[in-house]
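Following: one structure in structure tokens, then a few remarks.
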Amino acid sequence: MRMWLVDPEKMCRQHLLGEHVELHMLEGCLNKGKNISGFIENGFVDPTLLLPRHDELAREMEERGYNHCSPVGKIPQTLQKGHIDPAANRVELCRRCAECTERFSNP
Ligand SMILES: [Zn+2]
Ligand SMILES: [Zn+2]
């Protein structure tokens with residue numbers, strides 16, 4: 001599970017949809033009370049940003065005409081804060097993906 005927290009408009013289809021799916025996995029983990037401290041310590045997820053990030057990605061998906069029919073439901077009220085570095089994630093994402101690289105390099 002990984003939240004990239006980069007500009008959704010710049011993400012390729014695969015990575016936009018991928019992060020969205022992973023947010024719903026995170027939702028599932030939180031509701032099942034699973035231990036995700038490894039993901040938090042490694043800067044991969046920030047549960048406190050689940051809802052706003054999900055809605056931001058969902059808006060972009062709708063904007064592009066992709067299907068979105070999965071709102072985030074009820075999640076625990078107390079969430080552990082994470083520490084994600086979006087600038088480093090952008091570099092990592094572009095290292096992995098030619099299409100994201102192209103999108104991010106166009107204004
Ligand atoms: Zn959704
Ligand atoms: Zn990509």
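Small disclaimer: the values here were computed from a predicted structure and weren't measured.
For K32, there are no salt bridge (charged side-chain N to carboxylate O under 4.0 Å, His left out) partners at least two apart in sequence or on another chain. For E60, the salt bridge (charged side-chain N to carboxylate O under 4.0 Å, His left out) partners two or more places apart in sequence, or in a different chain, are R64. Not counting sequence neighbours, the partners of M1 by the side chain to side chain contact (heavy atoms under 4.5 Å, CB included) test are E22, M25, L26, C29, I36, F39, V45. Under the salt bridge (charged side-chain N to carboxylate O under 4.0 Å, His left out) criterion, R90 pairs with no residue at all, not counting sequence neighbours. Under the side chain to side chain contact (heavy atoms under 4.5 Å, CB included) criterion, R95 pairs with E92, not counting sequence neighbours.
The number of heavy atoms from other shown groups lying within 6.0 Å of NZ (K81) is above 12. Counted within 6.0 Å of CD on E102, heavy atoms from surrounding residues, nucleotides or ligands total 12 or fewer; the atom is thus considered open.
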Query raised in the report: Which is it for D46 and H83 under the side chain to side chain contact (heavy atoms under 4.5 Å, CB included) test, yes or no, and what are the steps along the way?
Result: CA-CA 6 Å; D46 182 347; H83 52 91; over 6 Å; no

Report task. Assess whether side chain to side chain contact (heavy atoms under 4.5 Å, CB included) is satisfied between L30 and L50, documenting all intermediate values. Result -> CA-CA 10 Å; L30 294 173; L50 169 59; 3.8 Å; yes

Report task. Go through I84 and W4 one step at a time and tell me if the side chain to side chain contact (heavy atoms under 4.5 Å, CB included) criterion holds. Result -> CA-CA 8 Å; I84 293 175; W4 294 105; over 6 Å; no

Requested in this report: With side chain to side chain contact (heavy atoms under 4.5 Å, CB included) as the test, would you mind laying out the steps for E19 and R2 before giving the verdict?
Outcome: CA-CA 7 Å; E19 184 177 341; R2 185 154 187 174; over 6 Å; no

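Of all heavy-atom pairs spanning S37 and N35, the tightest one is OG-OD1, 2.8 Å. Closest non-hydrogen pair, E27 versus G73, comes out as OE2-N, 2.8 Å. Minimum interatomic distance between P71 and H24 (heavy atoms only, all atoms of both residues): O-CE1, 3.7 Å. Counting all heavy atoms, side chain and backbone alike, I40 lies closest to G82 at CG2-CA, 3.9 Å.
F104 and V91 fall into different hydrophobic clusters, where Ile, Leu, Val, Met, Phe, Trp and Tyr residues are linked whenever their side-chain heavy atoms come under 4.5 Å apart, directly or through other members.
We find the CD1-CG distance between I75 and N31 to be 7.5 Å, quoted to the nearest 0.5 Å. For the atom pair SG of C97 and CZ of R103, the computed distance is 9.5 Å after rounding to the nearest 0.5 Å. In this structure, CG on L17 lies 9.5 Å from CG on L57, to the nearest 0.5 angstrom.
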List the atom pairs, donor and acceptor, that lie under 3.5 Å between side-chain atoms in residues 5-14 and the rest of the protein, sequence neighbours left out.
residue: D7; atom: OD1; partner: E9; partner atom: N; Å: 3.1
residue: K10; atom: NZ; partner: N106; partner atom: O; Å: 2.5

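No side-chain heavy atom of N89 sits less than 4.5 Å from a side-chain heavy atom of M3. Using a 4.5 Å cut-off on side-chain heavy atoms (C-beta onward), L23 and R53 make contact.
Under a 3.5 Å cut-off, the side chain of T101 and the backbone N or O of C94 do form a donor-acceptor pair.
Side-chain contact check for H68 and H54: at least one donor-acceptor pair (N or O, by modelled atom type) lies under 3.5 Å.
In summary, R59 and E56 do not engage in a salt bridge, as defined by a charged side-chain N under 4.0 Å from a carboxylate O.
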